[in-house]
Colleague: 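Below is a structure I'd like to ask you about.
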Amino acid sequence: MKLSHHFGTTLREAPAGVEAISHQLLVRAGFIRQLGQGLFSYLPLARRSLTKIENILREEINAIGGQEMTMPVAHPAEVWQATGRWYSIGPEMARFKDRKERDMVLAMTHEEVVADLCKTEIKSYRQLPQLVYHIQTKFRDDPRPRAGLIRVREFTMKDSYSLDTDEAGLDKQYRAHYQAYFNIFNRCALPAIAVGSDVGMMGGSLAHEYMYLAPVGEDTLVLCRQCGYAANRQIARCAKPKAASEELKSIEKVATPETKTIEALAALLNVPKSKTAKALLMMAGHEEDSGTREEFIFAVIRGDMEVNETKLTNAVKADWLQPATDEQIRAIGATPGFASPIGLKNVTVVVDDAVPSSPNLVAGANEAGYHLLNANTPRDYAATIVADIAAAGDGDACLNCGQPLYTARGVEVGNIFKLGTRYSAAIGATFLAADGTQQPIVMGSYGIGSGRLLACVAEEHHDDKGLIWPISVAPYHVQLVSLAGEEAGVNEVADRVYAALLAAGIEVLYDDRNERPGVKFADADLIGIPIRLTVSTKAIGKGGIEMKRRDRKEFEIVSEANLMTRVQTEINSMLEEIAAKVVEVPFK
RNA sequence: CGGGGCGUAGCGCAGUUCGGUAGCGCACACGGUUUGGGACCGUGGGGUCGUGGGUUCAAGUCCCACCGCCCCGACCA
């Protein structure tokens, strides 16, 4: 391709408000343009890189048995109603009516459609296991798109779906994806780690997220340097400091006027925060076919810990949580600021699992200005649910090895979910088992967003001058820069080299513009193609063409006769550098 | 949805305080000089000043409403 007629120009400055490095560079280098909030056009350079990423995705998923297909972006509402997600997902799902007034959905993901297809395609256990996938547009009307391609509303995702007869089969395909995903990220030269994650709107029993650790990320991860424990903060666990065992003492009411925080309470009574019980009062929402059902949740946790809302949401199997208002708190018979689970009826009490083994805590008295000493469960109040609802964070002890945990920011570049039979059962995707019974297909779902992956690669591989693409993702392998000026002879050499590169099947972007050298070099550095060839009077005088790698400072002069071989050798060695990154990763 | 910021030529910005009929740099076109790290001279084209309403003899500038985009938070995978 000749740069003089290439669609997509470079910009000296990034548009106002563009902050993430990957966003700035992709815009300045002419890869992407924004149409609206979270909506981007991918210009030819980006399109070429995305195609490379997609082909890596194809190769790795095909290698574990994937069969590529394509499912629609617009879905009739019925399939989403069948699984309940029509009701449980909020405004993030784009809905519209077709000309016949039928409810329609823009696909956020494709579990429903896969399950629907299975109704006709999968009849017998003899056909299983299978793995299908596609690379398709998704739309999620995210409340806050940000950071260029890192978080958008319309995006392309490789999503694969495993179909098995049982949990063992699912586990096998899940583990195959676990490794395949590492291969994919390694082949894109993107360092990523797998962390345990919440299953969120997908449901299911086990999930991992692949995280690219970077400040631009919006997920907080909890990590252990010692044993390698890694989890999204939403589900991260830690070892809780054990309370000393004591005799249970009898309840005693004490005056604690104007003492509404744990800090003030601990200070007033001169006890450690770990000797107090903190109440968190929330309304839990359950989206059901008949509408939204609300439930009052009284969560109890020791005063030295914080509640993790994701864990609490999962413990009560709710679709959402929001803080209870003072009116709602009074309505169940509690007193805001001095709430106590003792004496309440018909309220769901969720108790953190450290509380029952922590004797004689200070709790609210359900009376303004008073607390109770020596509150104990189950003696004084019953827990509807006992679960781990505590947040883990910096400095907490690792559950596995006891070492201090630390937190880091990351971008989710992929996820894998064990779905089980939630979707197949709801849609009626069953198979005839060997024993003659009809059983729902056991499913898994596995996603990687290609645009976000591209942005992360850009985020990871750049310098102050511009992008530095790994060879596997680069839009072209070679940028040929002609510094011909008025020298017809130099132009002839550049044209000849261009023709030779094309003939050799080497991907080349030819800067044939009549620009000054500084402009051309600056653009080449900005676009970040791995190998730069410079044809100039100076280089010809030294015996040939200058070759320089974008990721290195030094350059060499190669004779025109040896150039194709030399370039191919360099490309091969770059490909080998990438291949060396692909290694087996133990399943965790 | 809450808090903050911005909207003037393709891009970056000034002009808004104090109302008087729109400007700078880059980019673009033409002519000339220049050619190994974002050249220079000259000429030229390009604007519903986000949208609508209001105040006024007069609005980019003042008032009201709305829209769009960005950042932080809530939310989400």
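Order of the sequence lines sets the chain letters (A, B, ...), proteins ahead of strands, with each chain counted from 1.
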Colleague: Could you give the CG-to-P distance, from A:Asp159 to B:rA77, as a whole number of Å?
Modeller: 16 Å
Colleague: Is it the case that the base of B:rA77 and the side chain of A:Asp142 share a donor-acceptor contact (distance under 3.5 Å, atom types as modelled)?
Modeller: no
Colleague: Starting at the 5' end of RNA chain B and moving along, which residue's nearest nucleotide shows up first, A:Phe40 or A:Gly518?
Modeller: A:Gly518
Colleague: When you measure from the side chain of A:Pro15, which nucleotide among B:rG12, B:rA77, B:rA39 comes out closest?
Modeller: B:rG12
Colleague: Would you mind classifying the nucleic acid contact of A:Glu412 as base, sugar-phosphate or nothing, using non-hydrogen atoms under 4.0 angstrom?
Modeller: base
Colleague: For A:Leu35 and A:Ile540, take the nucleotide of RNA chain B holding the closest heavy atom to each; which residue's nucleotide lies nearer the 5' end?
Modeller: A:Ile540
Colleague: In whole angstrom, give the distance that lies between atom NZ of A:Lys548 and atom C1' of B:rG36.
Modeller: 13 Å
Colleague: Find the distance A:Asn514:CG to B:rA39:P and express it as a whole number of Å.
Modeller: 13 Å
Colleague: Between A:Glu218 and A:Arg151, is the closest basic N to carboxylate O distance under 4.0 Å?
Modeller: yes
Colleague: In Watson-Crick or G-U wobble terms, both distances under 3.5 Å, what is the partner of B:rC62?
Modeller: B:rG54
Colleague: Base, sugar-phosphate alone, or nothing: which one does A:Arg33 contact when heavy atoms must sit under 4.0 Å apart?
Modeller: nothing
Colleague: Testing the basics here: between A:Glu111 and A:Thr109, what is the closest heavy-atom pair and its distance to 0.1 Å?
Modeller: OE1-OG1, 2.6 Å
Colleague: Need one value for A:Arg532: base, sugar-phosphate or nothing, where a base atom within 4.0 Å counts as base even if backbone is also close, heavy atoms only.
Modeller: base
Colleague: Can you figure out which of B:rA77, B:rG38, B:rG37 approaches the side chain of A:Val519 most closely?
Modeller: B:rG38
Colleague: Can you name the nearest heavy-atom pair linking A:Arg452 to A:Glu412, along with the distance?
Modeller: NH1-O, 2.7 Å
Colleague: Could you check whether A:Gln34 gets within reach of a base, just the sugar-phosphate, or nothing at all, counting any heavy atom under 4.0 Å?
Modeller: sugar-phosphate
Colleague: Which nucleotide wins on minimum distance to the side chain of A:Arg146, given the candidates B:rG38, B:rC72, B:rG37?
Modeller: B:rC72
Colleague: Are more than 12 heavy atoms from other residues, nucleotides or ligands located less than 6.0 Å from atom CZ of A:Phe555?
Modeller: no
Colleague: Provide the distance between the two P atoms, one in B:rG45 and one in B:rU51, to the nearest whole Å.
Modeller: 24 Å
Colleague: Partner lookup for B:rG68, please. Criteria are Watson-Crick or G-U wobble with both distances under 3.5 angstrom; report none if nothing qualifies.
Modeller: B:rC6
Colleague: Please tell me which of the listed nucleotides, B:rU35, B:rG37, B:rC76, lies nearest to the side chain of A:Asp525?
Modeller: B:rG37
Colleague: Measure the acute angle between the ring planes of A:Tyr510 and A:Tyr498, then classify it against the limits of 30° and 60° as parallel, tilted or perpendicular.
Modeller: tilted
Colleague: Kindly say if A:Arg12 contacts the phosphate of B:rC26, meaning a side-chain N or O under 4.0 Å from OP1 or OP2.
Modeller: no
Colleague: If the P atom of B:rU33 is compared with that of B:rC69, how far apart are they to the nearest Å?
Modeller: 49 Å
Colleague: I need the CD-C1' distance between A:Gln37 and B:rC70, as an integer number of Å.
Modeller: 9 Å
Colleague: Tell which nucleotide pairs with B:rC11, taking only Watson-Crick or G-U wobble pairs whose two distances are both under 3.5 angstrom.
Modeller: B:rG25
Colleague: Could you state the atom-to-atom distance from CG of A:Asn491 to P of B:rU35 in whole Å?
Modeller: 16 Å
Colleague: With C1' as the reference atom in both, quote the distance from B:rA59 to B:rC63 in angstrom, rounded to an integer.
Modeller: 11 Å
Colleague: Of the nucleotides B:rG37, B:rG25, B:rC71, which has the atom closest to the A:Glu13 side chain?
Modeller: B:rG25
Colleague: Categorize A:Ala539 for me: base, sugar-phosphate, or nothing, with a 4.0 angstrom heavy-atom threshold over every strand shown.
Modeller: base
Colleague: Select one nucleotide: of B:rU35, B:rG38, B:rA77, the one nearest the side-chain heavy atoms of A:Arg516.
Modeller: B:rU35
Colleague: Any cation-pi pair here, A:Arg175 with A:Phe587, using under 6.0 Å and within 45°?
Modeller: yes
Colleague: If pairing requires Watson-Crick or G-U wobble contacts with both distances under 3.5 Å, which nucleotide is the partner of B:rC40?
Modeller: B:rG32
Colleague: Could you report the tightest heavy-atom contact between A:Phe521 and A:Val481, atom names first, then the distance?
Modeller: CE2-CG1, 4.3 Å
Colleague: How far, in whole Å, is B:rC72 from B:rU43 if one measures between their P atoms?
Modeller: 46 Å
Colleague: Could you state the atom-to-atom distance from CD1 of A:Ile150 to P of B:rC70 in whole Å?
Modeller: 14 Å
Colleague: Within the sub-3.5 Å range, which N or O atoms of nucleotides 1-10 of chain B have a protein N or O partner, and how far apart are they?
Modeller:
none

Colleague: Less than 4.5 Å apart, side chain to side chain, heavy atoms only: is that true for A:Leu170 and A:Ser162?
Modeller: yes
Colleague: Considering non-hydrogen atoms only, spot the tightest contact between A:Leu57 and A:Ser450 and give its length.
Modeller: CD1-CB, 4.5 Å
Colleague: With a 3.5 angstrom cut-off on both distances, give the Watson-Crick or G-U wobble partner of B:rG73, or none if there isn't one.
Modeller: B:rC1
Colleague: What interatomic distance, in whole Å, is found between C1' of B:rG3 and the corresponding atom of B:rG12?
Modeller: 28 Å
Colleague: Between B:rG38, B:rG37, B:rC70, which nucleotide gets closest to the side-chain atoms of A:Lys465?
Modeller: B:rG37
Colleague: Suppose you measure atom P in B:rC49 against the same atom in B:rG60; what distance do you get, rounded to whole Å?
Modeller: 7 Å
Colleague: What integer number of Å spans the C1' atoms of B:rC28 and B:rC66?
Modeller: 35 Å
Colleague: Rounded to whole Å, how long is the line connecting atom CG of A:Asp511 with atom C1' of B:rU35?
Modeller: 14 Å
Colleague: Which is true for A:Gly90 with a 4.0 Å heavy-atom rule: it touches a base, it touches only sugar-phosphate, or it touches nothing?
Modeller: nothing
Colleague: For the C1' atoms, the ones on B:rU56 and on B:rA9, what distance do you get once it is rounded to whole angstrom?
Modeller: 29 Å
Colleague: Assign A:Ala147 to base, sugar-phosphate, or nothing according to its heavy-atom contacts below 4.0 angstrom with the strands shown.
Modeller: sugar-phosphate
Colleague: A:Ile89 has an atom CD1; how far is it from atom P of B:rC75, in whole Å?
Modeller: 17 Å
Colleague: Please work out whether the ring planes of A:Tyr210 and A:Phe182 are parallel, tilted or perpendicular, with thresholds of 30° and 60°.
Modeller: perpendicular
Colleague: Can you confirm if the NZ or CZ of A:Arg95 lies within 45° of the ring axis of A:Trp80 and under 6.0 Å from the centre of its six-membered ring?
Modeller: no
